[in-house]
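Heads up: the structure comes next, in structure tokens.
In what follows, chains are A, B, ... by sequence order, proteins preceding strands, each numbered from 1.
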Amino acid sequence: MNKLLASIPVVIALILGLAVASQWWQPNVIELKAATWLGEEQAKTLPDFELTDHHGQPLTPQTIQGKWHLMFFGYTHCPDICPDTMQLFSGMMKGFDKETLENLQVTFISVDPDRDNLENMKQYVTYFHPEILSATGTMDQINVLTGATGILHYKAESDDSENYEVAHSGTLILTNPQGRFIGLFSPPLDPRLIADDLEVLVNS
Amino acid sequence: MKAVIISTVLLFSTLIQADNSQIQFEDGWIKHLPPVVPMRAGYLTIENKGKTMNRIVAVQSPAFEWVEMHETIMADGIMKMVQQDSIDLYPEKKVLLKPGGKHLMMMKPKQSMAIGDTIEVIMTFADGSTRQVQLEVKQ
């Protein structure tokens, strides 16, 4: 009994110690304006997917390590809203300093592999900014990535195999330099706030 | 009798003419895109200054194979485009065709389009009358 009583202060000290330590370990509380932040602990390791970027190089959970990645899911046969998001990227990237640009890769992922290929995607994204990367793959491989990040997309019913719409989420996905899915930006997208958040994160 | 028919036709055509002339088009533009994209989105403001309802039922352009009327709809973060049968023009109201909303979906350009070019578009109203509008290609 005495032993049990004696252990109480130890337990209290431990709890207090942990509380202090947890404060101590979050010294850089980052103020984000637009991002939905999953946090380091909730950050999700992505399942194995293999896409191909417009240089013909693989885009996988391994290749996205070492940099922050901001991913947008869309398709080139989308003349209204997709170019707006691409323009948001180009405007934002023009405002970034060299260091931010080096540590952040903006990537357009086509969810319309029937009509998009490496060549037309490359021409599409580099029209907006030379540093934007594009990638796609088989629908199964795309679904591994979109499934893990909660990105919905589907081809609208159409009798025409050439002219059809693709409904897709406008959410932007952010992965950290460990290649883990750590945050997202949901529409409506505010370029100023997103740029501020990315600058803070990439340089933190 | 003939005179009655003729005057009736004249009266109606004047009315139709009057209706169509109450429609004002402003700020028409087309978003410039790289040539790999086989369609363009067109935007403009349409104002019905008249006191009667009107409707655009078809759009065409000599610079495109065909033109559709679309609306981008965002629901639960999902964006999709829905084709519209017409653009309704309510009396004394403006309709804004703008990015992320209603727009002209212009399919398969027949010519290259540079920033600053003007592209002709023909609007057909419910009564079959038409109007020409110029849209400027912009960034």
### residues 78-87 of chain B: residues contacting chain A (heavy atom under 4.5 Å, by number)
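Hits under 4.5 Å: B/Ile78, B/Met79, B/Lys80, B/Met81.
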### Query
Highest number of heavy-atom pairs under 4.5 Å with chain B: which of A/Thr171, A/Asn163, A/Val166, A/Thr76?
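It is A/Asn163.
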Measuring heavy-atom distances to chain B, does [X] have an atom under 4.5 Å in its side chain, in its backbone, in both, or in neither?
{"X": "A/Tyr75", "value": "side chain"}
{"X": "A/Gln123", "value": "both"}
{"X": "A/Ser169", "value": "both"}
{"X": "A/Gln87", "value": "side chain"}

Could you tell me whether [X] atom [atom1] has more than 12 heavy atoms of other residues or ligands within 6.0 Å of it?
{"X": "B/Glu120", "atom1": "CD", "result": "yes"}
{"X": "A/Lys98", "atom1": "NZ", "result": "no"}
{"X": "A/Asp160", "atom1": "CG", "result": "yes"}
{"X": "B/Glu65", "atom1": "CD", "result": "yes"}
{"X": "B/Gln111", "atom1": "CD", "result": "yes"}

#### Entry: chain A contact via B/Met105 - side chain, backbone, both or neither, heavy atoms under 4.5 Å
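The answer is the side chain of B/Met105.
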### Message
Quick check on B/Lys102 against chain A: is it the side chain, the backbone, both or neither that has a heavy atom closer than 4.5 Å?
### Response
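Neither part; nothing is under 4.5 Å.
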### Query
If you measure from the Lys or Arg side-chain nitrogens to the Asp or Glu carboxylate oxygens, is any gap between B/Lys31 and A/Asp80 under 4.0 Å?
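Not counted as a salt bridge, because no side-chain N and carboxylate O are separated by less than 4.0 Å.
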Validation: residues 32-42 of chain B side-chain donor-acceptor distances under 3.5 Å, sequence neighbours left out:
| residue | atom | partner | partner atom | Å |
| --- | --- | --- | --- | --- |
| B/His32 | ND1 | A/Tyr127 | OH | 2.5 |
| B/His32 | NE2 | B/Met113 | O | 3.2 |
| B/Arg40 | NH1 | B/Val37 | O | 2.6 |
| B/Arg40 | NH2 | B/Leu33 | O | 3.3 |

